[in-house]
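Every chain is numbered from 1 and lettered A, B, ... according to where its sequence line falls, protein lines coming before strand lines. As a basis for the values below, the full set of heavy atoms in this structure was taken, side chains included, without hydrogen atoms, waters or symmetry mates.
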Amino acid sequence: MPDKIVGNDFGPPKAGPKDGLQGGSPHKIVGNDFGPPKAGPEGGLHGRSPHIEIDGKSYPVKAGDNLLQAILSLGLDLPYFCWHPAMGSVGACRQCGVIQFKDTDDTQGRLVMACMTPVADGMRISLQGETAKGFRAGILELLMTNHPHDCPVCEEGGECHLQDMTVMTGHTFRQYRGLKRTHRNQDLGPFINHEMNRCIACYRCVRYYQDYCGGDDLQVFASHNHVYFGRHEDGALENEFSGNLVEVCPTGVFTDKTFSHHYSRKWDLQTAPSICVHCGIGCNTSPGERYGSLRRIVNRYHGEVNGYFLCDRGRFGYGFVNGPARLHQARSAEDGPLDARTAANRFTATLKDAKGMIGIGSPRASLEANFALRELVGAERFYAGIGAVEHGCLRTLLGIVRDFPVRLVSMREAERADAVLVLGEDVTQTAPRLALALRQAVRNRALAIAGDVGIPRWQDAAVREAAQTEKSPLFVASPAPTRLDEVAARACRAGPDAIARLGFAIAHRIYPEAPAVAGLTPEHAALAAEIAEALAGAERPLIASGTGCLSEDVLRAAGQIAAALAAKQQGQPTGVHFAVPECNSLGLAMMEAQALAHACQAIESGIADTLVVLENDLYRRADKAAIDALLEQAKQVIVIDHTLHETAERADLALPAASFAETEGTLVSSEGRAQRFFSAMQPAGDSRDAWRWLGPWTRIDDLTRALTELLPVFGEITGCAPGAAFRIAGQKIPRQPHRYSGRTAMLADIRIHEPKQPEDADSALAFSMEGAANDRPPALNPFVWAPGWNSNQSVGKFQDEAGGHLRGGDPGIRLIGDGGGGRAQWFELPEAEAASSDALRLVPLYHIFGSDETSMHSPAVAERAPHPYLAVNPEDAVRYGLAEGEEVELTTDVWLPVKLLPGLAACVAGVPAGLPDLPFLETASRPRTPNKPGENTP
Amino acid sequence: MDKPLTRNIKPDGSAATLAEYRAKGGYEGLKKVLAELAPLEVQQQVKDSGLRGRGGAGFPTGAKWSFVPMGEDAPKTKYLVVNGDEMEPGAFKDRLLLEGDPHQLIEGVLIAAYAIQANIAYIFLRGEYRVAAERLRRAIAEATEKNLLGANILGSGFSLDLRLHTSAGRYICGEETALLNSLEGKRANPRAKPPFPQVSGLFGKPTIVNNVETLCNLPHILRNGVDWYKRLSRTGEPGTKIYGVSGRVKRPGAWELPMGTTGREIIEEHAGGMRDGYRLKGYMPGGASTDFLLPEHLDIPMDYGSIGKAGSRLGTGTMILLDDKTCPVQMVLNLEQFFAQESCGWCTPCRDGLPWTVSLLEGLIAGRGRPEDIETLQRLCGLLGPGNTFCALAPGAMEPLQSALKYFRADFERYLQPKKVSGGAYA
Amino acid sequence: MILTPDKIQAILQEAAHFPRPSAAAIEALNIAQRGHGWISDELLKEVAELLGMSPADLDSVATFYNLIYRRPVGKRVIHYCNSVSCWMLGAEDNRRYLSQKLGIGLGETTGDGEYTLLPIVCLGACDKAPVLMVGDETHFNVDPAKLDDVLGETGAP
Ligand SMILES: Cc1cc2nc3c(=O)[nH]c(=O)nc-3n(C[C@H](O)[C@H](O)[C@H](O)COP(=O)(O)O)c2cc1C
Ligand code: SF4
Ligand code: FES
């Protein structure tokens, strides 16, 4: 029975008991008022949703959708290429043809493109009519006339939308005998392969790259069947979101180059639901393993957080898991490598001998691992392993989130904002996925304009045409130019203090009870008025800020504006999003650990002589001298980490920890969303879950529960995902897809006995291909697959509607920031900094490729990172007599070449944040005058 | 016989000057419009006149205008665009009007712009029409100087900025929404309709696109009235039409004749009949994207309705003749090569279906054909048919093919017997 | 800088007429190409910069249109119409004659850099077929004798 409409049994999971760890799936769908627009007047008679008749059966559909969306949302199959749920319809590929009948008497009907046809109550259509089926098979046949049929050597093979659609349309016999056109491929940099001959010209890549991401170096060239999708000339794709091309392209034109180096078929990858560890946003990912190495990261759909897209740091930054700096084996400073048992014994002995110990936690380790350390050393001797300034910022941030009328918005909510202020943060570099969301937010005005002339929001090209360059207001205030400037109504460059003062002035303009700011420049006064008006006039204003300026005042200013808006809106909380540096920065902050400096004092004062450092390179956190002293003064230093960094190298004992891909735990994202990640693979070498080194717990669920009992702020995290006891019809959930091949032979070159698959006592997932195929709760779904849908487009079968929320609820539990407890209050104004004419103020400049510690161990990411520099704007350069490329001494023995950065705020000097070859610099704290060669350091 | 559109066109091919144009009542229609008629009244007159677009589709002009938002709430910026792309093989009628009487077009533009209250107009001219470009530029300068263009035209309060855009080639630019993209400096991919250009057109603003010949009718309709205009025709469809003939006739050319003149009259009287030694085997009544008709259809009046009933389209009204010494299969190949190359590359059926069509025809002619190839060609005609593609280019491309398969199937089948072809009938 | 000041002026003037400068892309390419013959990568970048576009965005437009040349061409481009009426009435004969006379195939340029031979679609003069353009000038009812005339001495290889 070819072409049957494949229904599926991917129903929502049954609700279970309250404590997630007991089983069941108590996911909360986080409520918000940013929901999809209410159905308009066309919403059907008597308020019921419109119904359409498909092949004689009546179905409810959502008013305002197009037919393709509606059909897919119903769980029916209809092939398509150019349409994408996040990008709407353009009607180019002509693959989604269905028959539409005029009325009940019409038996003939006419072919329409489902993606370009709005649903209407009472509409009659046919998917299965012979003409429609014949047409769709014909279109596919045409698409294949130039396709090389190279599936066996194509890296898309096995997860290829084109393959799926070919099977779905039933095109099996090729009539075409002509020549195929061939193209030359380009070198697109370290991330992406290019194989143009496979192109079916669906135009998705350019629409994604240009329209969705704002990239301008990927285009379509030439015309007719010579159309070519690539760059103007060879070179790395510049956009920060280029990696999604791999998933957006429905065939194998754009594939993951980092994956190519150790390629494996999708069906041979063992995967797990995971969370990205390269910034604070908390995108959901699906890492894939084969033969003990992590092979790639793909997007794992989340209806509120990342949707369909990851940033390139998140996708390509996984190399540290396999990289040469990986710590596979314990080592001691005295004896070199140790076996695991000796190392464990040594660790126990050291702790026993300790005359007091302290622990330093980590914003890139899970709540559980941090908690395990905290339990080991005692709450009062547990310190947050972050720099003093950042520590202060995070405390301020947390205070605002708790006490102010603010709502931390998800990415989906951010996309719906109709006026945005980005205060002091270069979100493209620090929280890339948020920047992508803000790019969509500026389109809301376009959607409104188009709506006024009756153009539905999904008719993508028409919406863009109708609105031209009209955008919802977005304002950026930051020290250096940002990528979002190009879509901003206005961008303002200033140092952190001036940015903060601008922010306070905006708050005052919005709500006069907020203190006024004296002494603003006329430009800033005018700007404050303009921004205030835009924000106050918006229905869904959003303030995006973060710790990027390392300025508490900037954060306070953001809070002040939010409070002012809320006061104006009768207390209704304001949408905000604060970018934080690392994947668990907020979680660690919520643990209320003391600052790192106190750790140094504790050791110095002698109350402790033993230091346990968890997943942290302290040299990235504070001045080298301070850390040197700390490590020297501590009698014993134990470092637990997956990577051998300077701190680990200097430790008396370094214990190998599992990386995110090999362990599980909970992270709290900058949205305040606690999310559970799971291991995709066994820990490499001797490494083990960090928490296993640290404590007596045998199963993570016990640890998580202990954590929630002791720290009530985390009380709800057991609901993030079902626990290890969870079963579906008595079965665990397989990490391996059911075609996972050659498992019995994988180790045959070493020994012929098939080893027993490892047991996983810590989760409901199994290192196996056997287990429950259906009804997987979203938080436990390692990969998406549905009958007939091998590609990532199968995610549609797991959503409540095309591009909507995951059925069963988007995973994660929001712990803070729902705006409930906050009330408007006003901060004191910061003093205006006395303009120091002869000093530049150092500010950190972030780089998506470069500023994050772990991703820089991925060669592809490292290749895209900048070399160290000291940025000054050209006018300041003249003032100081600095020339491009000239080396200056920033601080003792730190020489940096000058980079002229037009547009950088005056009187600041920017240094790239977090580059591995740069020492820690206390940026944004004190003014400095750069030394020229020959001068002395002040 | 009244020939309003071509009366100023001189045998030597030079352009009518402003003075010459005015001498024969030029710009009188405009004056009347500006002085006496409200925009909606102009629209009504054009509706009443029954004028249908001469760009190929034959859509009633007045009705098309009526979708433009009018009145207080209407967007301030609206555009009128002249479609002077004329790149369809076989079509050469707009060139005549553009080169011979540029002021007539300008007056037409003014009337249309006034009717929809557009203050900016563009003439979209194909790049190869260098002479026309030169003459239009001069005419626009003349008209501007005499305050027939520009601000507050003839003291009426109506202003129009008319600009000439010379294109850089591509047949698809003639499709009205592709033309708008091209005018915006983009690739000339067509746009989806709805939204129609009348609502969201050039730069997202209400826009009317009209053919050169369509606009050239306006001064006469407005000056002489609807009844006069209707009387020009021989059939129910009003006005005159510029018909043309190319192919193996004695006197190929273009003539303004009453709408509904028969093909026979055009070919035999005006074009002088077939050249000696050639017989008419078939004809495409309105350019390369219209279905072939047979000599037996010659007595059908050449108007939209009648030609439509006969299974083809009036199109541009410029006929391409197939004679008995030209192989219809090779002729269709030539046409399909044109369409395949001019496909914009946006939608699948056109982009990939036309090259396949070409490759099948080439194979057939080269003796590599298989019987099922003819079925495949037939199937492609359906697959690339109206409604299946993004715009009308591909369906247009299929018209000659599908009609050739109908009328000249034997010629296709002959290629399946290789021996008889070499040195055969069409050497 | 390849663009001369007057060309830059002309391009900016065109750009000023539109709601956004990139709308003048085709005009700008036409202006840039005039006199220069073709749009080299450098020229493309200069024009793109003037219009505030990326080179890729402008090249996407440039490569779409027939009359924008992205490869070097001779001083005069011979565009011979190969569409249906001209094809029927001897366009191919003319093409063969031209190829032979100039010693170049389609898309090629004579050694002296004088002529490039390219096909073009219907030139809108089907009643005077076959038709071809040499540079800016259109020639009607062309046959080999007329070609000799048109190309004159320069045509001889
Ligand atoms: C592929 C294609 C090419 C076209 N070329 C032209 C053209 O060169 N000139 C023209 O006036 N109309 C052309 N048309 C028709 C236009 O789309 C449009 O219908 C016409 O300009 C409207 O003007 P009218 O209403 O005055 O006829 C073309 C249509 C298609 C589909
Ligand atoms: S039919 Fe499709 S590919 Fe062809 S010209 Fe129209 S839109 Fe372009
Ligand atoms: S998905 Fe509908 S036309 Fe491409």
Judged by modelled atom types alone, do [X] and [Y] share a side-chain donor-acceptor pair under 3.5 Å?
| X | Y | value |
| --- | --- | --- |
| A:D216 | A:Q210 | no |
| A:S242 | A:D312 | yes |
| A:Y208 | A:N244 | yes |
| A:T482 | A:D485 | yes |

Given the side-chain rings of A:F849 and A:F191, with only the six-membered ring counted for Trp, is the space between their centroids under 6.0 Å?
-> yes

Looking at A:H84 versus A:F309, is the centre-to-centre ring distance below 6.0 Å?
-> yes

Using a cut-off of 6.0 Å, state whether more than 12 heavy atoms not belonging to C:E49 lie near its atom CD.
-> no

Under 4.5 Å, heavy atom to heavy atom, which residues of [range] contact chain C?
| range | value |
| --- | --- |
| residues 461-473 of chain A | A:Q468, A:T469 |
| residues 222-230 of chain A | A:A222, A:S223 |
| residues 439-453 of chain A | none |

Who are the side chain to side chain donor-acceptor pair (under 3.5 Å) partners of C:K146, not counting sequence neighbours?
-> none

Just wondering, do [Y] and [X] contact through their side chains at under 4.5 Å, heavy atoms?
| X | Y | answer |
| --- | --- | --- |
| C:S40 | C:I2 | yes |
| A:R231 | A:E238 | yes |
| C:I78 | C:L102 | yes |

Between C:L118 and C:Y69, is a side-chain contact (heavy atoms from CB on, under 4.5 Å) present by the stated rule, with each step listed?
-> CA-CA 11 Å; C:L118 288 172; C:Y69 311 121; 3.9 Å; yes

Does the side-chain contact (heavy atoms from CB on, under 4.5 Å) test come out yes or no for A:I192 and A:V246, once each step is laid out?
-> CA-CA 8 Å; A:I192 307 278; A:V246 169; 3.8 Å; yes

Residue C:L58 versus chain A: region with a heavy atom under 4.5 Å = neither

Counting only heavy atoms closer than 4.5 Å, note whether A:D217 contacts chain C via side chain, backbone, both or neither.
-> backbone

